[in-house]
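For the single chain, residues carry numbers from 1 onward in sequence order. Note that the structure is predicted; figures quoted are calculated from it, not measured.
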Amino acid sequence: MSADTRPRLSENFGEKRHAFRGWRGQRPFWGGLLTLLAGIPIMYIPYANLTIGSLTVRMATTAGAGSLIIGVLLVVLGLTMWFQPASRVFAGVAAILLSLVSLVVSNFGAFFVGFLLGLIGGALAVSWGPARPVSAGAQTPATDAATGEARVPEQPQPLGFPGATAGGGVGTGASDDLSGTSPTNGTNGRHRAG
């Protein structure tokens, strides 16, 4: 095998990065990561020893076992969000509830660090939704039946742009009263963002 036929390191890295990006886009990745990271301080801090000079401060509480269980469950829920995206709502709600319980059980939710990470991670998992597949018909432009040319959909222009009228119509002379469906342009007064 010569040097010319071997795949380059940058090509392999680019392919793996692209594959990881596709995998990450199919699941609530950031919600899972934050939930997983929330479990670590909640597990660690109740068992940590803080040494200041010759003084050792032990953070152990009577609920140390509860903190360990909550931390392990948050780590498992973070992994569940990654590898079972269909159960993201259950995992997100459970992460939010465990984060709230950690306020009482685990030193104020590991000094609010684990609490906030778990709360945000659970909320991201609950709010995440899979992307809708693009239909083949939506990609092809509509054609005019008389001429056979592609039609460009009309974009409404705000007042102040050329062609805008005081009644709200866009150069058509018809008024759009925004109270219901207008027969001239088919709008019902609701505006879409984007």
Side-chain angles (χ1 to χ4, degrees), residues 1 6-139 190-194:
M1 181 177 251
R6 288 186 297 177
R8 294 182 181 165
L9 182 61
S10 62
E11 290 175 0
N12 286 340
F13 178 73
E15 291 172 4
K16 290 180 181 179
R17 183 174 165 260
H18 186 68
F20 174 71
R21 199 170 181 186
W23 178 84
R24 186 184 72 190
Q26 297 172 354
R27 59 201 79 247
F29 178 77
W30 296 109
L33 181 66
L34 291 177
T35 304
L36 192 137
L37 291 176
I40 295 170
I42 290 175
M43 281 188 294
Y44 176 74
I45 288 180
Y47 295 102
N49 290 331
L50 178 65
T51 304
I52 303 171
S54 62
L55 178 66
T56 301
V57 178
R58 185 163 194 150
M59 305 268 189
T61 63
T62 57
S67 299
L68 183 65
I69 291 170
I70 290 172
V72 168
L73 285 175
L74 283 171
V75 169
V76 168
L77 288 171
L79 293 173
T80 300
M81 291 174 198
W82 281 354
F83 296 109
Q84 295 292 330
S87 61
R88 71 187 187 286
V89 175
F90 166 75
V93 170
I96 291 170
L97 292 175
L98 285 172
S99 296
L100 289 171
V101 170
S102 74
L103 279 174
V104 179
V105 173
S106 176
N107 296 334
F108 296 109
F111 302 117
F112 296 105
V113 173
F115 165 70
L116 289 174
L117 287 173
L119 208 61
I120 294 169
L124 285 174
V126 169
S127 66
W128 182 86
R132 295 183 201 144
V134 178
S135 63
Q139 294 178 353
R190 294 190 179 110
H191 301 284
R192 287 186 274 159

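The side-chain contact (heavy atoms from CB on, under 4.5 Å) test applied to Leu79 returns Leu36, Val75, Trp82, Phe83, not counting sequence neighbours. Judged as a side-chain contact (heavy atoms from CB on, under 4.5 Å), and not counting sequence neighbours, the contacts of Phe20 are Trp23, Arg24, Phe29.
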Could you pull out all donor-acceptor pairs under 3.5 Å where a side-chain atom in residues 84-92 meets a protein atom, sequence neighbours excluded?
from: Ser87; atom 1: OG; to: Gln84; atom 2: O; distance (Å): 2.9
from: Arg88; atom 1: NE; to: Trp128; atom 2: O; distance (Å): 2.6
from: Arg88; atom 1: NH2; to: Trp128; atom 2: O; distance (Å): 3.3

For residues 113-121, which side-chain donor-acceptor pairs fall under 3.5 Å, sequence neighbours excluded?
none

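Atom CD1 of residue Ile42 and atom CG of residue Leu103 lie 8.5 Å apart, to the nearest 0.5 angstrom. Once rounded to the nearest 0.5 Å, the distance linking CG of Leu68 with CG of Leu73 reads 9.5 Å.
Leu77 pairs with exactly one of Leu98, Val93, Ile96 by the side-chain contact (heavy atoms from CB on, under 4.5 Å) rule, that one being Leu98.
Between Ser102 and Ser99, the shortest heavy-atom contact is OG-O, 2.6 Å. For the pair Ile45 and Ala110, the tightest heavy-atom approach, listed with the atom from each and the gap, is CD1-CB, 3.8 Å. Among all heavy-atom pairs drawn from Arg27 and Met81, the shortest one is CB-O, 4.0 Å. Nearest heavy atoms, Thr35 versus Gly122: OG1-N, 3.7 Å.
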